[in-house]
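What you see is a predicted model; the values in this text were computed from it and never measured. Note that ligands are numbered from 1 as they come in the structure, with each ligand's atoms numbered from 1 the same way.
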Amino acid sequence: MALTCQSLLQAHPTAWHSATTHPFLTGCQSGTLHPAQFNTWLVQDFLFVKDFTRMVGRVLGAAPDDHIDGLLAGLGALKDELLWFEAKAAERSLDLSTSPQPTCQRYCEFMTGLAQQPYAVQATALWAIEYAYNQGWQLPGPMPEPYTEFADRWGNPGFTDYVHLLAAQADAALATASSEVQAQAEAAFLQVADLEAAFWQMAFTAAEAVQ
Ligand SMILES: Cc1ncc(C[n+]2csc(CCO)c2C)c(N)n1
């Protein structure tokens, strides 16, 4: 039977739980997160999203005809996303021209390496990266200010629909993939889960020194 996004979630509940639940997110919800922790995340995630945009461009280059529309819509939304990150950073007087931390760097290198993988693997990783935020920002429950807009941005019905589309596209590609490619897709899913958990941890601890 072909691998699907749903079967990946069912096979790896612990890894996915670590990717989508973290004291960083519950700290936003309870109001106990230190601003330095949030600001570290904001700056590093801007750097991440810039590289993610390049990755989506490469996925588009590998996509079958009937996946182009959906990926183009995602790329269009990323233009607004990057401007929004810049506005949020300006509100907080944060300098975005900083270096990526090692964990962010590692995640960006993973995304660069995906270009060498078959489209089914790229589509699976793209879905997992987006779904991690779609779930992670919603799971703690309603977010108080100043985090409400962050949770709404990735929890709103339009973004949730987009993530469902990405899952359908990944499932379609996996349906005709060899067992070797399916195994590569599973490995990529687990790498995304690990990198997501590490990214939260990076923001949560990196700021301790300046608290
Ligand atoms: C570490 C990290 N992982 C996943 C995302 C999710 N994500 C990447 S780009 C984007 C905008 C819409 O496509 C979203 C929600 C993130 N931001 N940061």
Note: Ile129, heavy atoms under 4.0 Å from ligand 1, region reported as both

Note: Glu196, heavy atoms under 4.0 Å from ligand 1, region reported as side chain

- prompt: Is there a side-chain contact between Leu8 and Thr4 (heavy atoms, below 4.5 Å)?
  reply: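 A side-chain contact is absent here, since even the closest heavy-atom pair is not under 4.5 Å.
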
**Asked** Is it true that atom CD of Glu180 has more than 12 heavy atoms of other residues, nucleotides or ligands lying nearer than 6.0 Å?
**Response** no

Report, in ascending order of atom number, the atoms of ligand 1 lying under 4.0 Å from any heavy atom of [X].
X: Glu81; answer: 10 (C), 11 (C)
X: Trp154; answer: 15 (C)
X: Phe199; answer: 1 (C)

TODO: Please answer whether the main-chain N or O of Trp200 pairs with a side-chain N or O of Trp41 as donor and acceptor at a distance below 3.5 Å.
DONE: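 Checking the backbone N and O of Trp200 against the side chain of Trp41, no donor-acceptor pair under 3.5 Å is found.
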
When the side chains of residues 117-125 are checked against the rest of the protein, which donor-acceptor pairs come out under 3.5 Å, sequence neighbours left out?
from	atom 1	to	atom 2	distance (Å)
Gln117	OE1	Gln184	NE2	3.0
Tyr119	OH	His67	ND1	2.7
Gln122	NE2	Leu114	O	3.4
Gln122	NE2	Gln117	O	2.9
Thr124	OG1	Ala120	O	2.7

Atom 14 (C) of ligand 1: closest protein heavy atom, distance to 0.1 Å, is Glu130 OE1, 2.9 Å

Any N or O of Asp45 closer than 3.5 Å to N or O of ligand 1:
yes

Looking only at N/O atoms, are Tyr133 and ligand 1 under 3.5 Å apart anywhere?
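Yes: some nitrogen or oxygen of Tyr133 is under 3.5 Å from one in ligand 1.
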
- Message: Just to verify, which of Glu130, Arg153, His164 counts as forming a side chain to side chain contact (heavy atoms under 4.5 Å, CB included) with Phe159?
- Response: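 The residue from Glu130, Arg153, His164 that satisfies side chain to side chain contact (heavy atoms under 4.5 Å, CB included) with Phe159 turns out to be Glu130.
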
Result for side chain to side chain contact (heavy atoms under 4.5 Å, CB included) between Tyr147 and one of Leu33, Leu25, Asp152 points to Leu33

